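The model shown is predicted, which means the values in this text are computed figures rather than measured ones.
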Amino acid sequence: MDATFRQGFEKLVGLGMSFDCWLYHTQLDEVADLARTFPNANIILDHVGGPMGSGAYSGKRSEVFKVWKAGIEGIAATPNVSCKLGGLGMKMFGFGFDARNTPPTSAELAAVWAPYIETCIEAFGPDRCMFESNFPVDQVSCSYPVLWNAFKRIAAQYSETEKTALFSGTAQRVYAL
């Protein structure tokens, strides 16, 4: 919301560059405002919009989910924002996989993460969502193969065209690869 930041952001947009934003769920409205103010900006929302689950948000998962979901739906209404699906292995999300004696299976991750990922896909559509690994940070919760197998499990319900978008097509388009 800072005027100086927005002046710099305007220059970024003028250069045709994309903007990845990593934030907490309490800031989603600010990014939606930024996207509305700069409709030509290519904004990428990282880590499913940061639904916190630790610190002051510990033990408040359903309350946070409700606020987060409303924020996701609001920001998805701005067509110049895409969403990265991942980063949920970080400690700050509070799923606790990092504290276990045994690592989770891909089925366990898929069961816990699906509500977040599916909410994003429903709000943005597969053409504006892309899976991300967030490694090595997510390594505190799971291995790289387990992470991607969890994503495959979550994506199993989607068509081949939608899976292509989620696993590669959206990223190619959004980042002009």
### Check: Y116 ring centroid to W113 ring centroid under 6.0 Å
no

## Note on the structure
For A150 and L109 the tightest heavy-atom approach is CB-CB, 3.7 Å

### Query
Does R100 make a cation-pi contact with F95, if we ask for NZ or CZ under 6.0 Å from the ring centre and within 45° of the axis?
no

## Note on the structure
When V13, D20, I75, V81 are each screened for side chain to side chain contact (heavy atoms under 4.5 Å, CB included) with I43, the one that passes is V81

#### Entry: Transitive ILVMFWY side-chain link F135 to I44, under 4.5 Å
no

### Summary
Between the OG1 atom in T164 and the CG atom in D127, the distance rounded to the nearest 0.5 Å is 10.5 Å

### Task
Could you check whether the rings of F167 and W148 sit parallel, tilted or perpendicular, using 30° and 60° as the cut-offs?
tilted

### Task
Answer yes or no: does atom CD of Q157 have more than 12 heavy-atom neighbours from other residues, nucleotides or ligands under 6.0 Å?
yes

### Centroid-centroid under 6.0 Å between H47 and F93 rings
no

### Query
Do I154 and Y144 belong together in a cluster built from hydrophobic side chains that touch within less than 4.5 Å?
yes

### Task
Find the distance between CD (Q27) and SG (C21) and round it off to the nearest 0.5 Å.
9.5 Å

### Message
Treating R36 as the side-chain partner and T78 as the backbone partner, does any N or O pair qualify as donor plus acceptor under 3.5 Å?
### Response
no

### Message
Within the supplied structure, the quantity of interest is the number of heavy atoms (other residues, nucleotides, ligands) at a distance under 6.0 Å from K163 NZ; does it exceed 12?
### Response
yes

### Message
Within the 4.5 Å heavy-atom criterion, are D33 and T37 side-chain neighbours or not?
### Response
yes

### Query
Between CG of N134 and CD of Q139, what distance do you get to the nearest 0.5 Å?
11.5 Å

### Task
Report the residue from Y175, F9, F38 that forms a ring pair (Phe, Tyr, Trp, His ring centres under 6.0 Å) with F19.
F9

